[in-house]
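Whatever order the structure lists ligands and atoms in, that order sets their numbers, starting from 1.
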Amino acid sequence: MYDVNAIRADFPILSREVNGKPLVYLDNGASAQKPQVVIDAITRAYSQEYANVHRGLHFLSNLATDNYEGVRAKIARFLNAKSEDEIVFNSGTTEGINMVAYSWAMPNMKAGDEIILSVMEHHANIVPWHFLRERMGVVLKWVDVDSTGALDPQAVLDAITDKTKLIAVTHMSNVLGTKVDVKSICTGAREKGVAVLVDGSQAAVHLPVDVQDIGADFYAITGHKLYGPSGSGAIHIKPERFAEMRPFIGGGDMIREVAKDGVIYNDAPMKFEAGTPGIVQMIGLGVAVDYMMGHGMDAIAAHEDSLRDYAVAKLNGLNWVQVQGTTPDKGAIFSFTIDGAAHAHDISTILDKRGVAVRAGQHCTGPLMEHMGLNATCRASFGMYNTTDEVDVWLDALELAHELFA
Ligand code: PLP
């Protein structure tokens, strides 16, 4: 039984007030709040169990190493990876995608080679590819979404030519909530020898993810959206891709031997993890994914689907709200504008006065905003602890904003 009130009680921040009103936190798409177990794990790691990892022979270093390395198996379980050795730790999706750009794409692509992107990618899955365009002359090809915000997997596959080396696509849009059939994209791409990077930043928060079933070459997640600490994250990499990659950050930990005339690298995944890592952040992330798996990803997804359906039914009765992204099975993410031409920032300020936290702006999706012909939207994005009562508070506050601007 999914007990949302018990879950809410696990997140201390949810009981605070903002502007004299109970907090209604609907900015989960930007970053999620943390349960007490994660906060406790961070405190314990620093107050009782902290030392650098992988290098000491003393008790605390061994303990910290065990705690830190134990997270690899947790993340492998969370993503249903075949082996924990396929999980590279990092500070989040941005670093994960940059790593793929420098470690895999740069050595394996040349001028004129193509990367296919959907128009709804987050800047984290655009800018690293622009770097390669600027520095190497690779070509970026864009695939549009339709008027509901859906991305046709066949349209992505149809864009493949003999110059295409990579498809970089989100699993769930952070603006529209659209879910992408990444499995079909990966299956079709594999037949044509094209690699696929999936940005799982949003999807992994809201859906059970099975990287073996999806079959992506690279699947990136980011810890702070998964109810874990900021500065934590991971990327799942298919073992056969490791052989094609060269490390892009050099330093301690990623080497076995360093001499004046050369370096012998460590094996993957450590080959791609240079320097002192986010030890405590990763330990916190391990606890966070355990927390989510403890509640069950299917149960979390079902709860959020019911919030989505409740919100959609109510929004359908408000003809002055325009919601972007209307695919029926979307995630509980609502980007909206309202009649009266009020700027998204003004709407979010009014909502904030009612204790409702939403995001306003471009949501790091310049090409999508251009595609939709909008400068900015407000975004209400739901998480595992939100309730239908909070949908009501949000929409009541929106009603107020509409009256003010009408
Ligand atoms: N991709 C998507 C779809 C996102 O929503 C985000 C964060 O907003 C990112 C990538 C970047 O994640 P991070 O800033 O944690 O690296």
Side-chain angles (χ1 to χ4, degrees), residues 25-34 38 75 79 88-102 115 117-131 143 145 149 151 167-180 182 185 196-207 209 214 216 218-236 249 277-278 281-282 284-285 288-289 304 324-325 327 330-335 357-369 371-372 376-383:
Y25 188 77
L26 303 181
D27 197 17
N28 298 285
S31 203
Q33 300 299 346
K34 319 304 170 198
V38 169
I75 291 178
L79 296 176
V88 176
F89 287 168
N90 55 36
S91 62
T93 294
T94 301
E95 185 184 335
I97 297 177
N98 275 275
M99 185 190 88
V100 176
Y102 286 102
I115 300 175
L117 307 168
S118 91
V119 77
M120 65 181 162
E121 298 310 312
H122 186 280
H123 293 168
N125 198 21
I126 298 176
V127 181
W129 312 121
H130 271 306
F131 284 174
V143 180
V145 292
L151 179 68
I167 296 168
V169 68
T170 190
H171 194 178
M172 181 186 284
S173 163
N174 61 311
V175 174
L176 308 173
T178 306
K179 292 176 193 165
V180 175
V182 285
I185 292 173
V196 182
L197 175 141
V198 175
D199 175 354
S201 303
Q202 297 290 337
V205 186
H206 307 293
L207 308 172
V209 170
I214 292 169
F218 308 98
Y219 193 100
I221 58 171
T222 200
H224 66 101
K225 297 185 204 287
L226 292 162
Y227 310 99
S230 58
S232 67
I235 183 162
H236 174 263
I249 302 181
Q281 290 93 321
M282 290 308 299
L285 176 57
V289 296
E304 293 181 5
Q324 307 298 325
T327 54
K330 67 184 244 162
I333 297 175
F334 297 92
S335 286
V358 297
R359 173 137 180 217
Q362 295 217 336
H363 317 294
C364 294
T365 55
L368 178 62
M369 289 291 148
H371 176 80
M372 298 189 303
T377 66
C378 272
R379 179 186 67 185
S381 50
F382 290 77

- Query: To the nearest 0.1 Å, how far is atom 4 (C) of ligand 1 from its closest protein heavy atom, and which atom is that?
  - Reply: H122 CD2, 3.3 Å

- If hydrogens are left out, which of S201, A30, S173 has an atom nearest to atom 10 (C) of ligand 1, that is, the closest non-hydrogen atom? S201

- Of the side chain and backbone of D199, name the one, both, or neither that has a heavy atom under 4.0 Å from an atom of ligand 1. side chain

- Nearest atoms (heavy-atom pairs only) where E304 meets A332: O-CB, 3.7 Å

- Item | Where ligand 1 meets T222 - atom numbers and elements under 4.0 angstrom, heavy-atom basis | 13 (P), 15 (O), 16 (O)

- Heavy-atom nearest pair, T178 first then T327, reads CA-OG1, 4.1 Å

- Query: Looking only at non-hydrogen atoms, which of V175, N98, T94, T365 approaches atom 14 (O) of ligand 1 most closely?
  - Reply: T94

- Note on the structure: Under 4.0 Å from one or more heavy atoms of K225, ligand 1 contributes atoms 4 (C), 5 (O), 6 (C), 7 (C), 8 (O)

- Message: Return the closest protein heavy atom for atom 12 (O) of ligand 1 as residue, atom name and distance.
- Response: T93 CB, 3.8 Å

- Query: Does K34 reach the main-chain N or O of H224 with its side chain, forming a donor-acceptor pair under 3.5 Å?
  - Reply: yes

- Message: Centroid separation under 6.0 Å, is that true for the rings of H171 and Y219?
- Response: yes

- Taking every non-hydrogen atom, the tightest pair across S118 and V169: CB-CG2, 4.3 Å

- Message: Which of the numbered atoms in ligand 1 are under 4.0 angstrom from any heavy atom belonging to A124?
- Response: 10 (C), 11 (C)

- Give the contacting part of E121 toward ligand 1: side chain, backbone, both or neither, where contact means a heavy-atom distance below 4.0 Å. neither

- Message: Measuring only between side-chain heavy atoms, which start at C-beta, is L176 closer than 4.5 Å to M120?
- Response: yes

- Does any N or O atom in H224 lie less than 3.5 angstrom from one in ligand 1, N or O only? yes

- Note on the structure: G92 and N90 have their tightest heavy-atom pair at N-OD1, 3.0 Å

- Message: Can you give me the closest heavy-atom contact between V145 and V119, atom names plus distance?
- Response: N-CG1, 3.7 Å

- Which bit of H363 gets closer than 4.0 Å to ligand 1, counting heavy atoms only: side chain, backbone, both or neither? neither

- Provide the number and element of each atom of ligand 1 under 4.0 Å from a heavy atom of Q202. 3 (C), 4 (C), 5 (O)

